[in-house]
Amino acid sequence: MHRLLLIVPALLSGVAALAQTPAAPKSPVPLTLFAGLGRGIYTNDGWPGTLATVGLQRPFAANSLFSIQPQIGFFQADKAARDPDKNPGEQYAAFMVDGALAVRTSRHPERLALRVALGPGLVAGRVTNLTRYPGQYLNRDGSVTVLTAPEYHTDHLLKPTAYWGIGMDIVLENHFYLAGGIESRTYSYFPGDLLSAHLRLGYQLR
């Protein structure tokens with residue numbers, strides 16, 4: 001009994017010492033801010049244009065393969081009539097918001113790896129198409145309309161989209177983010193109303 005009474009205080013003191021031992025600090029969850037620039041195509045009419053985006057990436061944990069990737073962007077079709085079927089007055093311009101869940105094939109950001117992102121989005125903009133060329137047009141009532149200039153019609157867009165992107169990325173010198181890939185935004189035609197290829201530069205905060 002006497003030995004048991006001596007052992008109990010020793011055990012209690014050991015448990016107290018373990019409880020007071022500071023836990024190992026958790027690795028900080030990095031936050032990456034990026035800006036992207038690329039070329040794309042409005043597939044409905046086959047018009048090429050320029051796409052610019054800004055966004056962020058934040059993994060669920062310090063070494064998680066999964067992350068959230070919200071971003072906003074703007075696309076504008078080229079005004080020059082590079083396509084022989086495109087009239088200079090025809091235009092497409094749209095703002096977009098994407099909220100994607102991304103997965104990376106490596107837990108180590110300093111290693112070049114494949115990155116795939118999927119999620120919903122929203123596009124808001126307008127598209128202007130040529131409806132009639134200059135000339136004379138016979139109306140249903142028998143009258144004649146004479147056009148001396150091309151006639152255009154503008155449709156305003158506000159549509160939900162399905163977003164996907166695939167590419168490669170890496171973090172250099174523990175902070176500098178570099179990525180490249182392709183993206184698609186679909187609201188009416190598969191595989192995408194807006195298809196683009198981009199290059200992204202960013203900075204990772206820890």
Side-chain angles (χ1 to χ4, degrees), residues 31-60 64-105 114-133 137 147 149-169 177 179-202:
L31 175 65
T32 303
L33 307 177
F34 65 82
L37 189 65
R39 293 287 292 171
I41 184 169
Y42 171 55
T43 59
N44 294 2
D45 287 310
W47 299 343
T50 300
L51 174 73
T53 58
V54 293
L56 62 87
Q57 295 173 2
R58 185 176 180 86
F60 293 152
S64 176
L65 294 175
F66 296 90
S67 63
I68 57 171
Q69 180 183 298
Q71 62 184 15
I72 59 175
F74 178 74
F75 175 86
Q76 182 167 357
D78 297 336
K79 293 183 178 180
R82 298 182 181 181
D83 187 332
D85 296 328
K86 182 179 183 296
N87 190 282
E90 294 181 304
Q91 188 54 259
Y92 179 88
F95 288 93
M96 58 206 69
V97 179
D98 309 309
L101 174 65
V103 59
R104 197 170 185 270
T105 56
L114 180 69
R115 184 182 189 88
V116 179
L118 297 168
L122 184 71
V123 62
R126 65 178 185 270
V127 56
T128 301
N129 290 101
L130 177 69
T131 55
R132 292 195 294 186
Y133 289 95
Y137 293 88
L147 296 180
E151 184 177 85
Y152 297 94
H153 177 73
T154 298
D155 290 315
H156 294 276
L157 303 173
L158 182 60
K159 295 180 178 292
T161 59
Y163 166 86
W164 63 261
I166 184 170
M168 307 287 288
D169 69 355
Y177 178 76
I182 59 174
E183 295 176 311
S184 170
R185 294 167 177 88
T186 303
Y187 55 83
S188 59
Y189 297 106
F190 184 82
D193 298 85
L194 286 173
L195 298 176
S196 61
H198 64 267
L199 178 66
R200 289 177 179 165
L201 299 176

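Just so it is clear, the model here is predicted, and its values are computed rather than measured.
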Tell me whether the rings of Tyr42 and Trp47 are parallel (<30°), tilted (30 to 60°) or perpendicular (>60°).
tilted
Report the relative orientation of the aromatic rings in Phe34 and Tyr177; use parallel for angles under 30°, tilted for 30 to 60°, perpendicular for over 60°.
tilted
Nearest 0.5 angstrom please: [X] [atom1] to [Y] [atom2], how far?
| X | Y | atom1 | atom2 | answer |
| --- | --- | --- | --- | --- |
| Ser196 | Ile182 | OG | CD1 | 8.5 Å |
| Met96 | Glu183 | CE | CD | 9.0 Å |
| Arg185 | Trp164 | CZ | CH2 | 10.5 Å |

4.5 Å side-chain heavy-atom contact, [X] and [Y]:
| X | Y | answer |
| --- | --- | --- |
| Gln71 | Gln57 | no |
| Leu122 | Leu158 | yes |
| Phe74 | Leu51 | no |
| Thr53 | Phe75 | no |
| Val54 | Ile72 | yes |

Look only at the side chain of [X] and the backbone of [Y], and say whether a donor-acceptor pair between them is shorter than 3.5 Å.
| X | Y | answer |
| --- | --- | --- |
| Arg104 | Asp169 | yes |
| Thr161 | Tyr163 | no |
| Glu90 | Leu130 | yes |
| Thr131 | Glu151 | yes |
| Thr186 | Pro191 | yes |

Run the side-chain contact (heavy atoms from CB on, under 4.5 Å) check on Phe95 and Leu157 step by step: do they pass?
CA-CA 10 Å; Phe95 288 93; Leu157 303 173; over 6 Å; no
Atom CZ of Arg132: over 12 foreign heavy atoms under 6.0 Å
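Yes, CZ of Arg132 has more than 12 neighbouring heavy atoms, counting only those of other groups under 6.0 Å.
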Applying side chain to side chain donor-acceptor pair (under 3.5 Å), can you list everything that pairs with Thr32, at least two apart in sequence or on another chain?
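With neighbours one apart ignored, the set is Gln204.
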Correct closest heavy-atom pair for Gly89 and Thr128 would be O-CG2, 3.9 Å
Nearest heavy-atom contact between Leu101 and Ser67 is CD1-O, 3.4 Å
Which residue is it: Asp45, Asp155, Asn44? I am looking for the one with a side-chain hydrogen bond (donor to acceptor under 3.5 Å, both in side chains) to Asn129.
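So, applying the side-chain hydrogen bond (donor to acceptor under 3.5 Å, both in side chains) to Asn129 and each of Asp45, Asp155, Asn44, only Asp45 qualifies.
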Listed partners of Leu114 passing side chain to side chain contact (heavy atoms under 4.5 Å, CB included), at least two apart
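By the side chain to side chain contact (heavy atoms under 4.5 Å, CB included) rule, Leu114 matches Thr105, Val116, Ile166, Met168.
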For a side-chain hydrogen bond (donor to acceptor under 3.5 Å, both in side chains) check, start with the C-alpha distance between Thr50 and Arg39, then their side-chain angles and the critical distance, and finish with the verdict.
CA-CA 5 Å; Thr50 300; Arg39 293 287 292 171; 2.9 Å; yes
